[in-house]
Amino acid sequence: MSILIKNIKELLQVRETNVTIVKGEDMKTLPTLKNAYLIIENDTIVEYGPMSEYTEYEAEEVIDATGKIVLPAWCDSHTHIVYAGDRSQEFVDRINGLTYEEIAERGGGILNSAEVLQNTSEEELYQQSLVRLNRVMQLGTGAIEIKSGYGLTVEAEMKMLRVIKRLKKESLAAIKTTLLAAHAVPREYKANKTKYVDLIVSEMIPEVAKANLADFVDVFCEKGYFDLEDTDRILAAGTVHGMTPKIHVNQFNAFGGVALAVEHNARSVDHLEEMRPEDIEALKGSDTMPVALPSCSYFLSIPYSPARQIIDAGLPLALATDYNPGSTPSGNMNFVVSTACIKLRMTPEEAINAATINGAYAMGLSNQYGSICRGKKANIIITKEIASYNNLPYAFGDNLIETVIVRGKILKKEV
Ligand code: NIG
Ligand code: FE
């Protein structure tokens, strides 16, 4: 299968050499080509250039992108899309005055989702998750990370991971898998959290590794969940078993989790709504990607990550959705990019870099995804006719995407 996209008004994120991460000042630059063409063969970008240099090419499918913008599909490096049911009742409880933390203390929150998931069949869980995955792909996401963490028993965590494996097999999206057994302390371990950490370290991680079901290991490092010692043990055990650390950190409280994650050579540190100067210092000179999740801040009405401070300190930043039933029941990367510009004061160039190449980096995928580069996978968004790429974040809540191509296949529009 070959696709020619011609007369592209502007082709974004064009990288002649394979850049894998964009940091600090460089995030302000989004390289583009005006009046361009792009050629895809099978699942790969094989050629692009200005229309003035275009020579006749016989493609099976030709798309005229006059007035339209073309960019790499979004790379969403932090989601929990495998879950059962929803938590809309807790949403109403929060409107009526309870906080996210109070709901969790009453046994709601993650434990609520875990109970529902444990009682949902693997087939049903797969079907519910597939609907979410297909929906976010329609919204332009072509690569996605998916976490476990609503199982909280060996059996239920394995069930979640098998569902992710099946999604990976059946879907065109590039999928990376994360073991997040340390998402909450199950009720039966309430009085003995260390025993649950023991179970994660000595049973769950080895079993998951043996079945080759996870690329990353993650911990919700937060007051009332897992402390620095627990986090240290879990990240170390994951690393021994070939899983790269990632971490939920500084969402509500900052107490050293960022530096600890950097010590463990984490691929990313995610949330970062509460950042101290020493947390920013700890990230300098590391290979760890800070990840902001603005739609989580929006939904919970908590502070937004200080993107300006992070980027102005010379660090990179990625943007992701955090799609989950409790804190972010939305997987719309377009809304994330808009919110990053509106609330985090990122420029459109910074936000697009953060949601493409840096998102790919946060999943260890930036060699193959996240930019327009010869030899990279053909994950592409074609917009409707728009005045400029600034309109993507500007027209928040609007859907300006006309066509999504994932691994060289044009997605059929869902009605
Ligand atoms: O990333 N903070 C921890 N985990 C999720 C929320 C999980 C839930 O409420 O179900 C998050 O926001
Ligand atoms: Fe999360």
Item to complete: Could you check I234, D215, V217 and say which one makes a side chain to side chain contact (heavy atoms under 4.5 Å, CB included) with M243?
Response: V217
Worksheet item: Take atom CD in E58; do more than 12 heavy atoms of anything else shown fall under 6.0 Å from it?
Response: no
Worksheet item: When you measure from the side chain of K176 to the backbone N and O of F216, does any donor-acceptor pair fall under 3.5 Å?
Response: no
Item to complete: Hey, could you give me the NE2/CD1 distance between H183 and I200, rounded to the nearest 0.5 Å?
Response: 11.5 Å
Discussion item. Is it true that W74 and N334 share a donor-acceptor pair across their side chains at a distance under 3.5 Å?
Written reply: yes
Discussion item. So, taking the atom named CG in D398 and the one named CG in L400, what distance separates them when rounded to the nearest 0.5 Å?
Written reply: 4.5 Å
Discussion item. Testing the basics here: between M137 and S171, what is the closest heavy-atom pair and its distance to 0.1 Å?
Written reply: SD-OG, 3.6 Å
Fill in: Polar contact flag, side-chain donor to acceptor under 3.5 angstrom, N353-N358
no
Practice prompt. Using the six-membered ring of Y323, assess whether NZ or CZ of R135 lies under 6.0 Å from its centre and within 45 degrees of the ring axis.
Written response: no
Worksheet item: N112 side chain to G109 main-chain N or O, any donor-acceptor pair under 3.5 Å?
Response: no
Item to complete: On the 0 to 90° scale, with breaks at 30° and 60°, tag the Y189-Y196 ring pair as parallel, tilted or perpendicular.
Response: tilted
Worksheet item: Is a side-chain donor-acceptor pair under 3.5 Å present for K246 with S268?
Response: yes
Worksheet entry | Salt bridge flag under 4.0 Å for residues K409 and D43 | no
Fill in: CZ/F255: more than 12 non-hydrogen atoms of other groups inside 6.0 Å
yes
Practice prompt. Establish, for the pair R374 and Y48, whether the NZ or CZ atom is under 6.0 angstrom from the six-membered ring centre and no further than 45 degrees off its axis.
Written response: yes
Worksheet item: Among R345, K23, K28, whose salt bridge (Lys or Arg N to Asp or Glu O under 4.0 Å) with E350 holds?
Response: K28
Response to the item:
Taken to the nearest 0.5 Å, the spacing of N324 CG from T79 OG1 works out to 9.0 Å
Fill in: Stepwise side chain to side chain contact (heavy atoms under 4.5 Å, CB included) test for M27 and L317
CA-CA 9 Å; M27 287 189 69; L317 186 68; 4.3 Å; yes
Discussion item. Run I39 and Y37 through side chain to side chain contact (heavy atoms under 4.5 Å, CB included) and show every step you take.
Written reply: CA-CA 7 Å; I39 298 171; Y37 72 94; 3.8 Å; yes
Discussion item. Taking Y83's backbone N and O only, do any of them form a donor-acceptor pair with R132's side chain (distance below 3.5 Å, no angle check)?
Written reply: yes
Worksheet entry | Residues K6 and D64 bridged, charged N to O under 4.0 Å | no
Practice prompt. Check the side chains of N250 and E273 for a donor-acceptor pair under 3.5 angstrom, ignoring hydrogens and angles.
Written response: no
Fill in: Distance-only polar pair, side chains of D76 and T321, donor-acceptor under 3.5 Å
yes
Worksheet item: Does any N or O in the side chain of R267 come within less than 3.5 Å of the main-chain N or O of A362, such that one atom is a donor and the other an acceptor?
Response: no
Fill in: Approximate separation, where rounding is to 0.5 Å, of T178 OG1 and I146 CD1
9.5 Å
Practice prompt. Calculate, to the nearest 0.5 Å, the distance between atoms CD and CD belonging to E102 and E90 respectively.
Written response: 12.5 Å
Discussion item. With a 4.0 Å cut-off on N to O distance, would you call R166 and E122 a salt bridge?
Written reply: no
Discussion item. The test is side chain to side chain contact (heavy atoms under 4.5 Å, CB included); show your working for I410 and I63 and say whether it passes.
Written reply: CA-CA 11 Å; I410 300 170; I63 300 174; 4.1 Å; yes
Fill in: CZ/F91: more than 12 non-hydrogen atoms of other groups inside 6.0 Å
no
Practice prompt. Could you name each residue pair satisfying side chain to side chain donor-acceptor pair (under 3.5 Å) that touches residues 282-300, not counting sequence neighbours?
Written response: E281-K284
Worksheet item: Is the number of heavy atoms from other residues, nucleotides or ligands under 6.0 Å of K223 NZ greater than 12?
Response: no
Worksheet entry | Shortest non-hydrogen separation from T356 to P72 and the atoms involved | CG2-O, 3.9 Å
Worksheet item: How far apart are the closest heavy atoms of S371 and K376, and which atoms are they?
Response: OG-NZ, 2.8 Å
Discussion item. Using salt bridge (Lys or Arg N to Asp or Glu O under 4.0 Å), reason through K68 and E10 one step at a time and then give a plain yes or no.
Written reply: CA-CA 7 Å; K68 300 167 187 175; E10 196 165 5; over 6 Å; no
Item to complete: Identify whether the distance between the nearest side-chain nitrogen and carboxylate oxygen of D279 and R276 falls below 4.0 Å.
Response: yes
Discussion item. Please check this pair: side chain of S305 against backbone of H271, looking for a donor-acceptor N/O pair closer than 3.5 Å.
Written reply: yes
Worksheet item: Does NZ or CZ of R162 lie under 6.0 Å from the centre of the six-membered ring of Y126, at an angle within 45° of the ring axis?
Response: no
Worksheet entry | Contacts of type side-chain hydrogen bond (donor to acceptor under 3.5 Å, both in side chains), residue D218, not counting sequence neighbours | K147, H248
Discussion item. If you compare all heavy atoms of I401 against all heavy atoms of I381, which two are closest, and at what distance to 0.1 Å?
Written reply: CG1-CG2, 3.8 Å
Worksheet item: Are K377 and Y369 in a cation-pi setup, meaning NZ or CZ lies under 6.0 angstrom from the ring centre and within 45 degrees of the ring axis?
Response: no
Worksheet item: Can any side-chain N or O of K343 pair as donor or acceptor with the backbone N or O of P303 at less than 3.5 Å?
Response: no
Worksheet item: Strictly by modelled atom types, are S148 and E157 linked by a side-chain donor-acceptor pair under 3.5 Å?
Response: yes
Worksheet item: For Q89 and R87, does a side-chain donor sit closer than 3.5 Å to a side-chain acceptor?
Response: no
Practice prompt. Answer whether the closest heavy-atom distance between the side chains of V291 and V269 falls below 4.5 Å.
Written response: no
Discussion item. How close do T120 and A84 get, counting heavy atoms only, and between which atoms?
Written reply: OG1-CB, 3.4 Å
Discussion item. Taking G224's backbone N and O only, do any of them form a donor-acceptor pair with E105's side chain (distance below 3.5 Å, no angle check)?
Written reply: no
Worksheet item: Any side-chain donor-acceptor pair under 3.5 Å between N367 and N18?
Response: yes
Discussion item. If we ignore hydrogens and angles and just use 3.5 Å, is the side chain of S366 paired with the main-chain N or O of T20 as donor and acceptor?
Written reply: yes
Worksheet item: Quick check: are there more than 12 heavy atoms from other residues, nucleotides or ligands sitting under 6.0 Å from CD of E25?
Response: no
Worksheet entry | Side chain E222, main chain F252, donor-acceptor under 3.5 Å | yes
Worksheet item: In Å and rounded to the nearest 0.5 Å, what is the CD1 to CD1 distance from I5 to I8?
Response: 5.5 Å
Discussion item. Apply side chain to side chain contact (heavy atoms under 4.5 Å, CB included) to residues V208 and L161 and explain how you reach the verdict.
Written reply: CA-CA 8 Å; V208 169; L161 294 168; 3.5 Å; yes
Worksheet entry | Side-chain donor-acceptor pair present, S77, E145, cut-off under 3.5 Å | no
Worksheet entry | Closest non-hydrogen atom pair between S2 and Y57, with its separation | CB-OH, 3.6 Å
Worksheet item: Distance-only, no hydrogens or angles: does the N379 side chain make a donor-acceptor pair with backbone N or O of V406 under 3.5 Å?
Response: no
Discussion item. What I want to check is whether the side chains of E274 and N253 have a donor and an acceptor closer together than 3.5 Å.
Written reply: no
Discussion item. Which label fits F220 and Y225: parallel for a plane angle under 30°, tilted from 30 to 60°, or perpendicular past 60°?
Written reply: tilted
Discussion item. A quick test of your reading: do over 12 heavy atoms of other residues, nucleotides or ligands sit less than 6.0 Å from NZ of K168?
Written reply: yes
